Amino acid sequence: MYQLYVYDHCPFCIKARMIFGLKNIPFNLVILQNDDEATPKRMIGAKMVPILEDNGHFMGESMDIVARIDQEGAPILTGQINPAVSDWMKRLNGPLYRQFLPRAASAPFPEFSTTSGRAYFIRNKERSTGAFTDILSEGPEALAPLNSLLAELASLIHSKEAVNTVLSTDDIHLFAQLHSLSLIKGLIYPPEVEAYRQTMSLKCGVPLLDGLAV
Ligand SMILES: N[C@@H](CCC(=O)N[C@@H](CS)C(=O)NCC(=O)O)C(=O)O
């Protein structure tokens with residue numbers, strides 16, 4: 001049985017989890033503590049997840065894991081990618097993670113079940129974003145750029161089953177971002193985007209975080 005080592009909040013880990021769900025391949029999900037440096041370093045020589053363990057062999061890098069698992073049986077990520085989707089995701093990335101990280105830091109994720117696991121995350125991530133309390137006190141207008149990007153996304157979604165009609169790596173990257181967005185309360189999802197994120201969540205067996213949103 002494959003073992004997949006992750007943090008529950010981690011968007012790269014969502015990508016790796018998705019391919020197992022989409023292909024209905026059984027795997028064991030192992031959630032590491034955020035401050036556990038020894039385990040990932042022993043496996044891949046770096047403090048980084050996701051990590052796939054397959055018969056004593058270890059593989060890092062989310063998209064390598066996706067490609068490896070997609071090769072099992074008939075590949076499913078056979079569709080073309082759309083440069084407009086990549087461009088949209090690039091523009092979303094900065095504003096998304098600025099709002100996501102402070103919320104993740106106080107959410108009940110298993111990787112933060114120890115005080116030291118949560119403190120490790122806050123210490124590391126605040127180095128790049130600045131104080132989480134400052135970001136969280138910005139008020140609802142801080143979400144306006146995210147809402148205008150979500151409005152734009154509607155016209156890029158060609159099917160709720162696959163953003164470009166046939167499943168491709170665009171779906172892997174896009175759903176991972178939508179999964180992170182779901183931790184942010186007060187976002188407005190156009191109907192096309194709402195249908196896509198709900199359908200994809202069911203297809204890949206990765207629940208959205210709406211229930212934890214703040
Ligand atoms: N390029 C890597 C990036 C993975 C990555 O950045 N993982 C983050 C978690 S979201 C990580 O493990 N960072 C180290 C840490 O959080 O201490 C991939 O796609 O797998």
Side-chain angles (χ1 to χ4, degrees), residues 2-23 25 27-54 57-72 77 81 85-86 89-90 92-132 135 168-184 200 204 206-209 212-213:
Y2 291 111
Q3 309 261 75
L4 187 65
Y5 299 86
V6 302
Y7 307 137
D8 209 16
H9 75 274
C10 163
F12 302 98
C13 304
I14 298 302
K15 297 178 190 184
R17 289 164 67 175
M18 286 178 74
I19 193 68
F20 283 95
L22 288 169
K23 296 198 71 158
I25 295 175
F27 71 109
N28 209 4
L29 190 70
V30 184
I31 301 177
L32 297 178
Q33 274 301 306
N34 202 251
D35 63 337
D36 177 357
E37 294 185 339
T39 307
K41 281 186 177 163
R42 175 175 54 76
M43 295 189 285
I44 57 163
K47 200 274 190 191
M48 190 73 81
V49 289
I51 299 168
L52 177 69
E53 180 179 1
D54 174 17
H57 296 281
F58 298 102
M59 176 186 257
E61 284 303 319
S62 55
M63 293 311 287
D64 290 350
I65 297 171
V66 168
R68 158 80 181 74
I69 298 303
D70 197 29
Q71 287 309 311
E72 195 166 311
L77 302 177
I81 59 168
V85 172
S86 317
M89 293 190 292
K90 250 184 234 145
L92 179 75
N93 216 46
L96 162 57
Y97 288 104
R98 184 180 156 74
Q99 295 300 324
F100 172 81
L101 293 171
R103 288 167 170 83
S106 50
F109 290 122
E111 59 270 31
F112 305 142
S113 63
T114 61
T115 308
S116 63
R118 194 179 295 277
Y120 183 101
F121 179 84
I122 296 170
R123 194 168 60 242
N124 273 342
K125 303 297 177 187
E126 279 191 329
R127 264 192 225 126
S128 55
T129 61
F132 285 166
I135 299 172
S168 68
T169 53
D170 275 351
D171 292 291
I172 302 291
H173 297 300
L174 181 59
F175 180 76
Q177 285 194 329
L178 289 168
H179 180 270
S180 294
L181 279 166
S182 70
L183 188 59
I184 302 169
M200 201 54 70
C204 67
V206 178
L208 291 164
L209 303 170
L212 304 177

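Since this is a predicted model, take the numbers as computed values, not measurements. Start at 1 and go down the list; that is how both ligands and their atoms are numbered.
For atom 4 (C) of ligand 1, the closest non-hydrogen atom of the protein is Val49 O, 3.4 Å. Considering only non-hydrogen protein atoms, atom 13 (N) of ligand 1 sits nearest to Met48 SD, 3.8 Å.
Rounded to the nearest 0.5 angstrom, Ser62 OG and Ile51 CD1 are separated by 12.0 Å. Note that the CZ atom of Phe132 and the CD1 atom of Ile122 stand 6.5 Å from one another [nearest 0.5 Å].
Here is the list of ligand 1 atoms found below 4.0 Å of a heavy atom in Lys47: 14 (C), 15 (C), 16 (O), 17 (O). Every atom of ligand 1 with a heavy atom of Pro50 under 4.0 Å away is listed here by number and element: 20 (O). Every atom of ligand 1 with a heavy atom of Cys10 under 4.0 Å away is listed here by number and element: 9 (C), 10 (S).
Applying the side chain to side chain donor-acceptor pair (under 3.5 Å) test to Asn93 and every residue at least two apart in sequence or in another chain returns Gln177. Contacts of Glu37 classified as side chain to side chain donor-acceptor pair (under 3.5 Å), with partners at least two apart in sequence or in another chain: Tyr120.
Below 3.5 Å of separation, one finds an N or O of Glu61 facing an N or O of ligand 1. Ligand 1 has a nitrogen or oxygen under 3.5 angstrom from a nitrogen or oxygen of Ser62. The shortest N/O to N/O separation between Tyr7 and ligand 1 does not fall below 3.5 Å.
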**OP:** Given salt bridge (Lys or Arg N to Asp or Glu O under 4.0 Å), test Arg17 with Asp8 step by step and report yes or no.
**Re:** CA-CA 10 Å; Arg17 289 164 67 175; Asp8 209 16; 3.0 Å; yes
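The pair Arg118-Asp35 does not meet the salt-bridge criterion, since no charged nitrogen lies less than 4.0 angstrom from a carboxylate oxygen.
Defined by atom type and a distance below 3.5 Å, a donor-acceptor pair is missing between the side-chain atoms of Tyr5 and Thr39.
In this structure, Met63 falls outside the shell of residues with a heavy atom less than 4.0 angstrom from ligand 1.
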